Protein chains: 2
Amino acid sequence: MPKVGMEPIRRKALIDATISAIGERGSLDVTMSEIAGRAGVSSALAHHYFGAKDDLLEATMRHLLTELDADARASLQAANTPRDRVRAIIAVNFSDKQFRPETIAAWLTFYVAAQKTTALRRLLRIYARRLHSNLMSGLVGLMPRPEAEHTAESIAALIDGLYIRRALRDGTPNAASAISLVEDYLNTKLSQRERQS
Amino acid sequence: MPKVGMEPIRRKALIDATISAIGERGSLDVTMSEIAGRAGVSSALAHHYFGAKDDLLEATMRHLLTELDADARASLQAANTPRDRVRAIIAVNFSDKQFRPETIAAWLTFYVAAQKTTALRRLLRIYARRLHSNLMSGLVGLMPRPEAEHTAESIAALIDGLYIRRALRDGTPNAASAISLVEDYLNTKLSQRERQS
DNA sequence: TTTTCTTGATTGATCAGTCAATAAAAAATA
DNA sequence: TATTTTTTATTGACTGATCAATCAAGAAAA
């Protein structure tokens, strides 16, 4: 049995609690006590491990980002053709893990908060850049670079737009229809190219 | 000179102040004093005219919605062909009036807040429905209904996605490139159909 | 004189963040 | 091993600040 301190366990629990609290409330207006309570500790302990509330929020967003990136990498690993790479990136964003109501709500909340908080803003840029370059890694094999840039931007916007729209619907968001919508866009784009050549 | 009470003047000023305050802060966490101060009145007066803070926020969102709808109607008036109708709706969403940083920020903030606040949620649904039916009013003249539904959903998601993405960029958002991106999607879609028939 | 308009002062609640104190575990020492 | 010492983990109680909402009272207009 490996001996570990409590720190990593508490940090993880607090971050998870933050995501679910934000997801449920649909806002960053969650109190430290609420979060700490969900994690089964006192608010003082949350402060002890994370310092200020903003630090906890930043750590939470960073966690979301890291997870998404890990999923994307894993998914790209299994993709062989350029087309598959694009398909993989699209799918990851709507996977069961990512496309859950609480995760979506947390993302959106951070998205908006990022407008004023420099630290969050920086993180969000990283996300945007990664999504773009992941998409490009497949698209450049399918079309000339300038057009690929353009298409990547459209797909990214489409994904973000579907996130925000799904958040409005009650109940579980429908990942399948979201995926097919993005795929359809790509297919249309590709068949147009095929015809031109 | 028509005699009017102060009420409409104050309400308008307070709503405008709310939009700009939210836009600047990028969050609904603006105090009544802040808003009232911008409108040049005391916070007590803001409460006098709007009651609770939530009521002011709801009124502000309703105002945003009403303006957008008015612009859309005016724009549709001048559109003759189905294609022009769609073009008009797209353009309205990125018009100088709508696509300003503060308006965008306010929209996004409301979007997220709508997840928890039932009243805002209801308003947002109205927006979504209107956008959809406005788009459909043109699209049905260009393609069969089921496909039009699909396309309308894509365009709507694309518009929302571009809003959220533009909010991240520093400086003035670039409306022209956003429009051309959506237009490109539609053109691709249409030329695909043309070819099939 | 009545109605409309406006505010300063106040209240009560909520919260982030601190701190001193305790408990538990680990390490060092005898 | 038994013990003391040190480090880590944890919290309840508190503080200070912020803010929404109220209200009684005054100024202006009708």
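Numbers restart at 1 for each chain; the letters A, B, ... are given by sequence-line order, proteins then strands. Note that the structure is a prediction, hence the values are computed from the model and not measured.
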Peer 1: Can you tell me the distance, in whole Å, between the CG atom of L14(B) and the P atom of dA20(D)?
Peer 2: 14 Å
Peer 1: Rounded to the nearest Å, what distance is computed from the CG atom of residue L56(B) to the C1' atom of nucleotide dC19(D)?
Peer 2: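 In whole Å, dC19(D) C1' lies 15 Å from L56(B) CG.
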Peer 1: Round to a whole Å and report the spacing from CG of D29(B) to C1' of dA16(C).
Peer 2: 13 Å
Peer 1: In terms of side-chain heavy atoms of K53(A), which of dT6(C), dC15(C), dG17(C) is nearest?
Peer 2: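 The closest nucleotide is dG17(C).
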Peer 1: By nearest atom, which of the nucleotides dA20(D), dT11(D), dT7(C) is closest to the M32(B) side chain?
Peer 2: dA20(D)
Peer 1: Please figure out whether S43(B) or M6(B) has its closest DNA chain C nucleotide nearer the 5' end.
Peer 2: M6(B)
Peer 1: Cation over ring, R166(B) on F99(B), under 6.0 Å and within 45°?
Peer 2: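 Geometry flag: not set, cation outside 6.0 Å or 45°.
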Peer 1: Can you tell me how the ring of F94(A) sits relative to the ring of Y163(A), calling it parallel under 30°, perpendicular over 60° and tilted otherwise?
Peer 2: tilted
Peer 1: Round to a whole Å and report the spacing from OH of Y49(A) to P of dT8(D).
Peer 2: 10 Å
Peer 1: Expressed as a whole number of angstroms, how long is the span from R10(B):CZ to dA29(D):P?
Peer 2: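 Going from R10(B) (CZ) to dA29(D) (P), I get 12 Å.
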Peer 1: Among the candidates dT18(C), dT11(D), dT7(C), find the nucleotide nearest to the side-chain atoms of H47(A).
Peer 2: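 So the side chain of H47(A) is nearest to dT18(C).
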Peer 1: In terms of side-chain geometry, is the basic nitrogen of D96(A) or R100(A) positioned less than 4.0 Å from the acidic oxygen of its partner?
Peer 2: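 A salt bridge is absent here (no side-chain N lies under 4.0 Å from a carboxylate O).
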Peer 1: To the nearest Å, give me how far apart NE2 (H48(A)) and C1' (dT18(C)) are.
Peer 2: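 Value for this atom pair: 13 Å.
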Peer 1: Under a 4.0 Å threshold between the charged nitrogen and the carboxylate oxygen, would K97(B) count as salt-bridged to E67(B)?
Peer 2: yes
Peer 1: Using a strict cut-off of less than 4.0 Å between a Lys/Arg side-chain nitrogen and an Asp/Glu carboxylate oxygen, indicate whether R25(A) and D29(A) qualify as a salt bridge.
Peer 2: no
Peer 1: Which is true for T31(A) with a 4.0 Å heavy-atom rule: it touches a base, it touches only sugar-phosphate, or it touches nothing?
Peer 2: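 Sugar-phosphate: the residue T31(A), judged by heavy atoms under 4.0 Å, touches backbone atoms but no base.
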Peer 1: Could you check which of dT10(D), dG8(C), dA16(C) has an atom nearest any side-chain atom of L45(A)?
Peer 2: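 Nucleotide nearest to L45(A)'s side chain: dT10(D).
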Peer 1: Atom CD1 of I35(B) and atom P of dT18(D): how far apart are they, to the nearest Å?
Peer 2: 18 Å
Peer 1: Which whole-number value in Å describes the distance from L57(A) CG to dC15(C) C1'?
Peer 2: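 Interatomic distance, CG of L57(A) to C1' of dC15(C): 14 Å.
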